[in-house]
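Just so it is clear, the structure is predicted and the values come from calculations on it, not from any experiment. Just the heavy atoms: all of them, side chains too, but no hydrogens, waters or symmetry mates, feed the values below. Order of the sequence lines sets the chain letters (A, B, ...), proteins ahead of strands, with each chain counted from 1.
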Protein chains: 2
Amino acid sequence: MKNNDDICDLLERLSTLFRNEVRQAGLVHGLHPVHLEVLFYLNKCNKFSDTPAAVKDFLGATKGTTSKSITLLETKGYVVKKQDTKDKRVYHLSLTEAGRQIAADNMPPMSLRAALTRCSDSETSPLKQQLESLLVDIQTATSSLSFGLCKTCRFHLAKNNTAFFCELTGEDLPSQYGELICREHTLKSLCE
Amino acid sequence: MKNNDDICDLLERLSTLFRNEVRQAGLVHGLHPVHLEVLFYLNKCNKFSDTPAAVKDFLGATKGTTSKSITLLETKGYVVKKQDTKDKRVYHLSLTEAGRQIAADNMPPMSLRAALTRCSDSETSPLKQQLESLLVDIQTATSSLSFGLCKTCRFHLAKNNTAFFCELTGEDLPSQYGELICREHTLKSLCE
DNA sequence: TGAATAAAGTTTCGATGCGAAACTTTGAGT
DNA sequence: ACTCAAAGTTTCGCATCGAAACTTTATTCA
């Protein structure tokens, strides 16, 4: 019981520091933390997940709020919006070079990256596993989407070295697509 | 290298989920995440750390912004402000019963507490240690205050079962004070 | 086929966050 | 006594944020 309270405090501090550093980084570009979150997401999501609705789920905000944040990024020249050819209700978002640069420079924040690179791979491996199970636990409890990498999804079927099959969309896709975030990402099993 | 990227992603998700749940919890009281952070802090800080300036450092915001957030909490009846008798520039903040209740109910967020109670103490022990070292690493790198518990401070000298001595203020204090957050908290050593 | 319904996004409203900078009051140092 | 620093407050301008009303386009189902 004692550990749990301490861990809550630690995560609270990490969460606040994380956000403060992101805020500081965005300030020089006139951006708020939520904008950097959007740039970060668009820089890593796959082609099924680049819509305002997906961004809304990622942020956990309302669609009205998300719409305005995206509009701001568009007017600042960091994001481009393009209408879907088949479903005219849908828009696809992509980063401009300037937007991609800001995302790459600031997300994740420098101090976090620096702190982690000071650790060896064997040191961080158990941490990764524990954070993973904690995250899965919270996501299922709050029934929020997992936004995991495509290749870790239950619908991802490896075919060979250069391609895989997505059981959800029924498409053959090149392997490097598997490294991207998918809004439809589904956990392989709830209890393992 | 691979683990580090993944851990960054995991912390990003945890951070966002954390904040979203806090936002949701605060919404029913008309409070923003930052207000719950303040209530959380005031509920756990010691008597040297209950000032607007300390809250400012905890939040990592400017003093103007912090001042307005505190004023709002005051008008809503969750916080009381009282001028220091010796230094009239300083004000001391305390929670009303309503404020204390909201803090206790919502911080840390329910899903996080629930996820952690599903784990045994032996499971979470290594996680705690790793998060601690990660946090210390980031705090020293960004030269931000640690806001740790009094009893983990280098100036905390245990005397007996009911009291300790604070080398910083030169005061004898009851043991239970050691469980509170201190703005002057100083890490015992940087490399151990 | 046609009407109801749902889904994706936008717009408007009002309260507030947020940084920056100017300001007041009070204490500390020389 | 004079200067400087520290703690807080106030004002300004822009943006977030949720809620709710709205438009446009798809889908469902009768």
Side-chain angles (χ1 to χ4, degrees), chain A residues 16 19-39 42 48-76 78-93 183-184, chain B residues 16 19-39 42 48-76 78-93 183-184:
Chain A
T16 301
R19 196 170 180 86
N20 285 346
E21 191 170 355
V22 171
R23 176 179 298 284
Q24 211 58 36
L27 216 56
V28 297
H29 302 105
L31 298 176
H32 286 232
V34 65
H35 299 133
L36 288 187
E37 283 283 317
V38 173
L39 296 182
L42 292 178
F48 306 115
S49 314
D50 61 354
T51 66
V55 172
K56 168 194 84 89
D57 290 333
F58 187 79
L59 295 178
T62 62
K63 53 182 183 175
T65 298
T66 306
S67 175
K68 283 193 63 173
S69 295
I70 291 171
T71 301
L72 181 97
L73 285 170
E74 212 185 351
T75 60
K76 292 223 177 197
Y78 298 139
V79 162
V80 174
K81 202 185 316 185
K82 196 154 56 181
Q83 197 170 32
D84 189 284
T85 50
K86 301 194 173 159
D87 188 337
K88 289 184 183 171
R89 293 173 303 180
V90 175
Y91 288 80
H92 293 279
L93 306 168
R183 71 179 294 200
E184 307 287 355
Chain B
T16 300
R19 196 170 180 85
N20 286 345
E21 190 170 357
V22 171
R23 175 178 299 284
Q24 211 56 37
L27 215 57
V28 297
H29 305 278
L31 298 177
H32 287 230
V34 65
H35 301 134
L36 289 187
E37 284 282 317
V38 173
L39 296 182
L42 291 179
F48 307 115
S49 314
D50 60 354
T51 67
V55 172
K56 169 195 84 91
D57 289 334
F58 186 79
L59 296 178
T62 62
K63 53 181 182 176
T65 297
T66 306
S67 173
K68 283 192 61 174
S69 295
I70 291 172
T71 302
L72 181 97
L73 286 171
E74 212 185 351
T75 61
K76 292 221 175 197
Y78 299 139
V79 162
V80 173
K81 201 186 317 185
K82 195 154 55 181
Q83 197 170 31
D84 188 284
T85 50
K86 301 192 173 160
D87 188 338
K88 289 185 183 170
R89 293 174 303 181
V90 176
Y91 288 81
H92 293 279
L93 306 169
R183 71 179 294 201
E184 307 288 355

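In this structure, B:Lys81 reaches the D:dT9 phosphate: one of its side-chain N or O atoms is under 4.0 Å from OP1 or OP2.
Within the nucleic acid shown, B:Thr66 has no heavy atom closer than 4.0 Å to any nucleic acid atom. Counting any heavy atom pair closer than 4.0 Å across all strands shown, A:Lys56 reaches no nucleic acid atom.
At distances below 3.5 Å, at least one donor-acceptor pair connects side-chain atoms of A:Thr66 with backbone N or O atoms of A:Thr62. Counting only distance, with no hydrogens or angles, the side chain of B:Asp50 and the backbone of B:Leu42 share no donor-acceptor pair below 3.5 Å.
Using a 4.0 Å cut-off between a side-chain N of Lys or Arg and a carboxylate O of Asp or Glu, A:Arg89 and A:Asp87 qualify as a salt bridge.
The local environment of NZ in A:Lys88 is sparse, with at most 12 non-hydrogen atoms from other residues, nucleotides or ligands closer than 6.0 Å. With a 6.0 Å radius and a threshold of 12 heavy atoms from other residues, nucleotides or ligands, B:Lys82 has its NZ atom at or below the threshold.
B:Lys88 places its NZ atom 15 Å from the C1' atom of C:dT24, with the value rounded to the nearest Å.
Judged as a side-chain contact (heavy atoms from CB on, under 4.5 Å), and not counting sequence neighbours, the contacts of B:Glu21 are A:Thr142, B:Pro109, B:Met110, B:Ser111.
When each of B:Arg89 and A:Asp87 is assigned the nucleotide of DNA chain C bearing its nearest heavy atom, the one mapping closer to the 5' terminus is A:Asp87.
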So if I define the base as every atom that isn't primed, P, OP1 or OP2, how would nucleotides 11-19 of chain C read as a B/S/- string at a heavy-atom cutoff under 4.0 Å? BB---SSBB
Contact list (N/O, under 3.5 angstrom) for nucleotides 3-5 of chain C vs protein:
none

